Amino acid sequence: QVRLLESGGGSVHTGGSLRLSCTASRDRYNAYCMAWFRQAPGKEREAVAFIGSDGTTYSDAVKGRFIISQTAGKKNTYLQMNNLTIEDAGMYYCAGDGGRWYPRICGVYGEADFHDWGQGTQVIVSS
């Protein structure tokens with residue numbers, strides 16, 4: 001099983017930026033779809049960005065501020081987060097489908113569609 005490792009979290013003030021990284025334990029990670037999720041204290045985990053062969057998709061909460069990207073071979077997937085707000089704080093998780101193809105676009109994948117998950121990286125945003 002491929003392991004995913006997130007990094008890049010930290011503490012920033014509102015309006016600041018962070019770049020999260022997700023690194024797969026293999027040089028080439030076979031995934032049709034990868035995503036970033038986040039979970040704030042007391043709230044359910046939510047998807048914020050997806051990247052697949054059909055392009056990228058963002059939640060309304062982060063559209064226009066976050067950018068998901070990845071390297072060729074998909075070893076590394078990034079989440080550039082700009083103009084951060086208090087509501088962006090939480091634990092951020094990287095997820096990949098592990099090469100399991102589903103007959104729907106990446107941007108509508110649910111949590112159950114992702115086989116591989118990282119341990120998360122904490123994002124703290126203060127005013």
Side-chain angles (χ1 to χ4, degrees):
Q1 182 175 348
V2 174
R3 295 184 301 277
L4 301 177
L5 179 64
E6 303 94 338
S7 62
S11 181
V12 296
H13 293 296
T14 53
S17 298
L18 283 173
R19 188 191 193 210
L20 306 184
S21 298
C22 171
T23 301
S25 56
R26 296 177 182 167
D27 286 342
R28 294 187 67 85
Y29 178 49
N30 181 26
Y32 293 101
C33 181
M34 295 194 70
W36 284 94
F37 288 76
R38 69 184 182 189
Q39 186 168 24
K43 294 186 177 180
E44 293 187 355
R45 188 159 57 186
E46 62 173 348
V48 296
F50 300 82
I51 186 166
S53 58
D54 45 21
T56 57
T57 303
Y58 300 92
S59 69
D60 289 342
V62 308
K63 194 175 299 181
R65 300 187 297 119
F66 289 14
I67 300 171
I68 187 171
S69 62
Q70 66 187 178
T71 55
K74 304 173 186 177
K75 180 176 177 64
N76 296 291
T77 300
Y78 305 102
L79 186 67
Q80 177 67 42
M81 307 188 297
N82 300 318
N83 194 19
L84 286 161
T85 70
I86 299 292
E87 289 72 30
D88 294 318
M91 187 70 78
Y92 281 70
Y93 300 91
C94 172
D97 64 19
R100 290 159 176 78
W101 179 83
Y102 300 100
R104 49 188 176 276
I105 62 173
C106 175
V108 298
Y109 275 32
E111 286 194 32
D113 296 325
F114 293 99
H115 181 264
D116 303 317
W117 291 81
Q119 294 299 308
T121 185
Q122 186 76 44
V123 172
I124 299 170
V125 184
S126 58
S127 58

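Note that the structure is a prediction, hence the values are computed from the model and not measured. FYI, side chains are in, hydrogens and waters are out, and symmetry mates aren't considered; it's all heavy atoms of this structure.
Note on ring orientation: taking the six-membered ring where Trp is involved, the planes of Tyr93 and Trp117 are perpendicular (angle over 60°, cut-offs 30° and 60°).
When hydrophobic clusters are built by joining Ile, Leu, Val, Met, Phe, Trp and Tyr residues whose side-chain heavy atoms come closer than 4.5 Å, directly or via intermediates, Ile68 is grouped together with Val48.
The distance from the CD1 atom of Ile51 to the OG atom of Ser69 is 6.5 Å, given to the nearest 0.5 Å. Note that CG of Leu5 and OG of Ser25 are 9.5 Å apart. Values are rounded to the nearest 0.5 Å. For the atom pair CD1 (Ile124) and NE2 (His13), the distance works out to 11.5 Å, reported to the nearest 0.5 Å. Here Arg65 contributes atom CZ and Thr85 contributes atom OG1; the two are 5.0 Å apart, rounded to the nearest 0.5 Å. Taking CG from Leu4 and SG from Cys94, the interatomic distance works out to 4.5 Å, rounded to the nearest 0.5 Å. For the atom pair CG of Leu79 and CG of Leu18, the computed distance is 9.5 Å after rounding to the nearest 0.5 Å.
Checked for salt-bridge contact, Lys63 and Asp60 meet the test: a charged N lies under 4.0 Å from a carboxylate O.
Of all non-hydrogen atoms in Leu20 and Trp36, the two that sit nearest each other are CB-CH2, 3.7 Å. Closest non-hydrogen pair, Asp88 versus Asn83, comes out as OD2-O, 4.3 Å. Residues Ala40 and Ala89 approach most closely at CB-O, 3.7 Å, considering heavy atoms.
Between Cys33 and Phe50 the shortest side-chain heavy-atom distance falls below 4.5 Å.
Aromatic pair Phe37/Tyr92: ring centres not closer than 6.0 Å.
Counting only distance, with no hydrogens or angles, the side chain of Glu6 and the backbone of Gln119 share a donor-acceptor pair below 3.5 Å. With hydrogens and angles disregarded, a donor-acceptor distance shorter than 3.5 Å links the side chain of Lys75 to the backbone of Ala24. With hydrogens and angles ignored, the 3.5 Å screen pairs no side-chain donor or acceptor of Asn76 with any backbone N or O of Thr71. With Asp97 contributing its side chain and Phe114 its backbone, the two residues share no donor-acceptor pair below 3.5 Å. With hydrogens and angles ignored, the 3.5 Å screen pairs a side-chain donor or acceptor of Tyr29 with a backbone N or O of Gly98.
Heavy-atom neighbours of Arg104 CZ from other residues, nucleotides or ligands within 6.0 Å: above the threshold of 12.
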I'd like to know whether Tyr102 forms a ring-ring contact (aromatic ring centres under 6.0 Å, His included) with Tyr32, so could you lay out the CA-CA distance, the side-chain angles of the two residues, the decisive distance to 0.1 Å, and finally the verdict. CA-CA 9 Å; Tyr102 300 100; Tyr32 293 101; 9.0 Å; no
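Not counting sequence neighbours, the partners of Ser17 by the side-chain hydrogen bond (donor to acceptor under 3.5 Å, both in side chains) test are Asn82.
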